[in-house]
Amino acid sequence: MESREDIMQNAPFETVPMNPVIGAEIHGLDLSKPLGERTVAGIKQALLDHQVIFFRGQELDPDSHMRLAGIFGELEPPHPIFPKIESHPQIAVLENDENRPPETNIWHTDVTWRDKPPLGSVLYGAEIPVSGGDTMWASMTALYEALSPSMQKMLEGLRAVHSIAVFANSGNYETSQDAEKMMDVLKLYPPQSHPVIRTHPETGKKALFVNSTFTTHIEGLPLDESAAILKFLYEKVKTPEFQVRFKWEKGSVAIWDNRATQHYAVADYYPQYRRMHRITINGDVPY
Ligand SMILES: [Fe+2]
């Protein structure tokens, strides 16, 4: 098998780390064209190395977007809540403006309410406001590694419950018809239990796997203990040294490893219009 160094040396693009912990920009690729074997191997390795990678000045139509996401594996089924591109329902359209205020300005890992949360996502900036709207990512491996050995040990034995029910409390679900739809969604996607610390299936690194959006509680603990531990961990996610912040331009692409990161979409561009296209890649059962 080719070594990590060989893969990156043979990759026909430049990888520029944004800091030593998380995030890299990749230069010299046109993602609208079919990608060769070395390019694919290099992009996958860069994602494992940097946890979130960025491209600028791309023109991704639905087909090239699907092809790019497909290099990482099978794609997730259409999102049960988000609007989608009709001809390509696996592409979620995240659209915000005056009447649809941004709501993802809270730290989270995507879709942890599924039994197999996604490997990652490929997000394309289709319409970007003139200012504001950065996205931040935080490394959950860096967070885990910064904890004391005693805290690591305590957390490793624990599991936490994740639920999609949070969408029921969002402003978008006010009508009774929406509430009914939410009940159906909950039947389809009942709450899931995942380890608080997961092991990355490819790098073998350990990472924190609870998030302030979907995690409801840690199993087997009194509620006050669960709440105190989660609060402590969610504060840690906000540590700037674990983070990278990306300024979007029209045509920017971000690909993140959802098994090792959390993200936060800064909502300061409201009430300007923004449209993003997201494809999510299937993951496996966390362990
Ligand atoms: Fe997200």
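Side chains included, hydrogens not; waters and symmetry mates left out as well; all remaining heavy atoms used. When a ligand or atom number is given, it counts from 1 through the structure's own listing order.
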Residue pair Lys205, Thr199: steps toward the side chain to side chain contact (heavy atoms under 4.5 Å, CB included) verdict: CA-CA 6 Å; Lys205 288 188 177 179; Thr199 303; over 6 Å; no
Could you walk me through whether Glu95 and Tyr273 pass the side chain to side chain donor-acceptor pair (under 3.5 Å) test, one step at a time? CA-CA 7 Å; Glu95 241 175 339; Tyr273 177 69; 2.5 Å; yes
As a quick check of understanding, evaluate side chain to side chain contact (heavy atoms under 4.5 Å, CB included) for Val210 and Tyr234, giving each step before the final call. CA-CA 8 Å; Val210 288; Tyr234 297 159; 4.1 Å; yes
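Around the Fe ion (ligand 1), the protein contributes the following N, O or S atoms at distances under 2.8 Å: His108 NE2, Asp110 OD1, His263 NE2.
In this view, Trp256 and Trp137, His263 satisfy the ring pair (Phe, Tyr, Trp, His ring centres under 6.0 Å) rule, not counting sequence neighbours.
Side-chain atoms of Thr112 and Asn211 include a donor-acceptor pair closer than 3.5 Å.
A salt bridge is defined here as a Lys NZ or Arg NE, NH1 or NH2 lying under 4.0 Å from an Asp or Glu carboxylate O, and Glu202 with Arg259 meets this definition.
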